[in-house]
2 protein chains.
Amino acid sequence: MKVTIKDVAKEADVATSTVSRVLSNNPRISETTRKRVKEAIDKLGYEPNAMARSLARQRTKILGIVLPNEAKDLFTNPFFITSMQGMSLYAQTKGYYITYAFSEDDEGELNHVKEITNNNLIDGVILMRSRQNDEIINYLQDKRFPFVVIGRPEDTESILWVDNDNVKAMYDLVNLLIENGHKKIGFVGAIEEWNMSQDRLKGYKDALIDSKLDYHDNLIVQQNEFNAKNGYDAAKKLFKEEGLTAIVTTDDLLALGVQEYVKDNNMKDIALIGFNNSQIAQYQKPSISSIDIMAGRLGHYAAKLLISKLEGKGSKRKNYIVDTKLVERDTFIQIR
Amino acid sequence: MKVTIKDVAKEADVATSTVSRVLSNNPRISETTRKRVKEAIDKLGYEPNAMARSLARQRTKILGIVLPNEAKDLFTNPFFITSMQGMSLYAQTKGYYITYAFSEDDEGELNHVKEITNNNLIDGVILMRSRQNDEIINYLQDKRFPFVVIGRPEDTESILWVDNDNVKAMYDLVNLLIENGHKKIGFVGAIEEWNMSQDRLKGYKDALIDSKLDYHDNLIVQQNEFNAKNGYDAAKKLFKEEGLTAIVTTDDLLALGVQEYVKDNNMKDIALIGFNNSQIAQYQKPSISSIDIMAGRLGHYAAKLLISKLEGKGSKRKNYIVDTKLVERDTFIQIR
DNA sequence: TTGTAAGCGTTATCAT
DNA sequence: ATGATAACGCTTACAA
């Protein structure tokens, strides 16, 4: 049979409440009994029952993460598993567990969230996506259930979130290219409606303007999806522009397509930078430079934000901005 | 305040035990009261408290999965997240939740397993790896704690496991190449000690022998790690052999390296097949054919096996073999 | 068929 | 500083 707090109490010849107190480091306990109890615990190999504890405390120390069901790249984009690791590592330091669940569709997803938030299984949820007018966000807000979202939500005030500074990421990148001698830089993005897309375009634009370089529509192509073909087609359009020496993209797949076009047309000295630092970029020849969005840190801070709220202590911080990192590879070309 | 079973009982004017019975579909309950209780449940929006239920039942319906901490390719190999999805989808159909945790090192990993198996948080564990003389496996066996492993363990008798038939996967592949006209086929593997490596080599060998084709050491290169450079070096050795028209590898990264060599030397009509169906293989030019190990199904059956054991019903099945699938791409060349 | 009440293993309140 | 004991919200004998 499992050893319970009663067994420990008996062994140490104290009441269960006393054992519970040493377990929670209650200060009002004498050194002698504390020691005696600890010995009993060690001797019996006692481990508190998580369920009983949760029931009594009315908190489970379990976080629920909901993975987006619609993400086509769930399996190929290391973002998800990497940020899951970031969450896990942080959560462990605070004694939290994490459950995850995939859903078949939006409805299943919402139902799952309803379930775990109503059956007291979890203390808070981590959303790995934010979209416009998100049903789940609305639901959680109505219910006043603690949650955090990775990605900037519409309502940035009352919600906990973590995200990259996409404006800055692209601004810095384009500036760096300019410093390296590039004067005409193309931009390839996809799905204009997304916050992320708009921010990255803004960063690009701001950098050009601040350097008093040409900024006009012929330098920009927006596609409807992140894939290689769209990258290829975009490159075809962009290179009609005379003197283009660099192209920035908002995803490695787009960059991949651009590279194919560059190769097909035997172009030289074209700088090319992708986003997300995926394995495909790394293993191309030449290898494609990319912006790492630091998924692990995003996960880390998401967990941190949520747990801080749950424990109701410390700063009332509502969000974290995680810095991106340029990974320079073969396609980071200096012109001069 | 949360609505509890008592509220429902009061609303339906019955005892809590009655509510509990309709919840668990106990047959000894009249249709009329069942209906009344269900109405009360709907009206109040009642959802049973998972913790209280677990405590009473002494089972949590939570599975714990332990990710290998040493896997370098954890983030780039879609295997992990894909099989996690397979588990999740199956587990949900049976009303189970899944927790996961990453560890910093072996010690942290073992400690985590000890923790969750001792604090009654989970009913069973899923191991995403098996290695020789595995501490965690030993621990779980000693403790008689239910678990399943993905990958064939040393002791295949007393342990639940799921795996591919690696002998068959490679045997079928090599046979197919032979049918397509290849007579001299090279093999590139890594980490010979692994069961997987040995099985795939055996499949290769058997196929050659069964077709009465040449099988000798010059056709085989074993490396110490799965990476592109090792693939490249292996190809350099293999192509000293006259008339080689195909190379099979045990990983896409090895295949990638082989392809680089093939390109560097302007070779034509070389069939090349990788393993794991990763994104890098798909996005090469030419795209590399690969064996998909069907990670989702591995996860699915792992969860199924474990849950069957936990519910103590149905077949006493101890393992599942999951079929692999060849994904033909550009590098699947027919000679005649 | 339904109700009563004793657990399940903790924590927390109230005494002492 | 420590001990009794009542929650926490459910399940499950045992009664009726």
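Side chains are part of it too, since the values below use all heavy atoms of this structure and drop only hydrogens, waters and symmetry mates. A note on names: the letters A, B, ... follow the listed sequences, proteins ahead of strands, and every chain is numbered from 1.
- In summary, Asp13(A) and Arg36(A) do not engage in a salt bridge, as defined by a charged side-chain N under 4.0 Å from a carboxylate O.
- For an aromatic pair to be called close, the ring centres must be under 6.0 Å apart, and Phe102(B) with Tyr100(B) satisfies this.
- Contacts between residues 23-30 of chain A and DNA chain C, defined by a heavy-atom separation under 4.0 Å, are absent.
- One interatomic measurement links the two molecules: CG of Asn119(B) to P of dC8(C), which rounds to 18 Å at whole-angstrom precision.
- Within the 4.0 Å cut-off from OP1 or OP2 of dA7(D), not a single side-chain nitrogen or oxygen of Gln58(A) is found.
- At the heavy-atom level, Ser20(B) lies under 4.0 Å from base atoms of the strands shown.
- Lys6(B) and Glu11(B) are not joined by a salt bridge, as no carboxylate oxygen comes within less than 4.0 angstrom of a charged side-chain nitrogen.
- The number of heavy atoms from other shown groups lying within 6.0 Å of CD (Glu135(A)) does not exceed 12.
- In this structure, Arg317(A) satisfies the cation-pi test against Tyr320(A), with its NZ or CZ atom closer than 6.0 Å to the six-membered ring centre and inside 45 degrees of the ring normal.
- Within residues 32-47 of chain B, the residues approached by DNA chain C to less than 4.0 Å at the level of any non-hydrogen atom are Thr33(B), in residue-number order.
- Atoms NZ (Lys10(A)) and C1' (dG9(C)) sit 14 Å apart, rounded to a whole Å.
- We find that CG of Leu55(A) is positioned 12 Å from P of dT11(D), with the value rounded to whole Å.
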Can you name the atoms? Protein N/O to nucleotides 3-5 of chain C N/O, anything below 3.5 Å, with the distance.
unit_1 : atom_1 : unit_2   : atom_2 : d
dG3(C) : OP2    : Ala15(B) : N      : 2.9
dG3(C) : OP2    : Thr18(B) : OG1    : 2.5
dG3(C) : N7     : Ser17(B) : OG     : 3.3
dG3(C) : N7     : Arg21(B) : NH1    : 3.2
dG3(C) : O6     : Arg21(B) : NH2    : 2.3
dT4(C) : O4     : Ser17(B) : OG     : 3.1

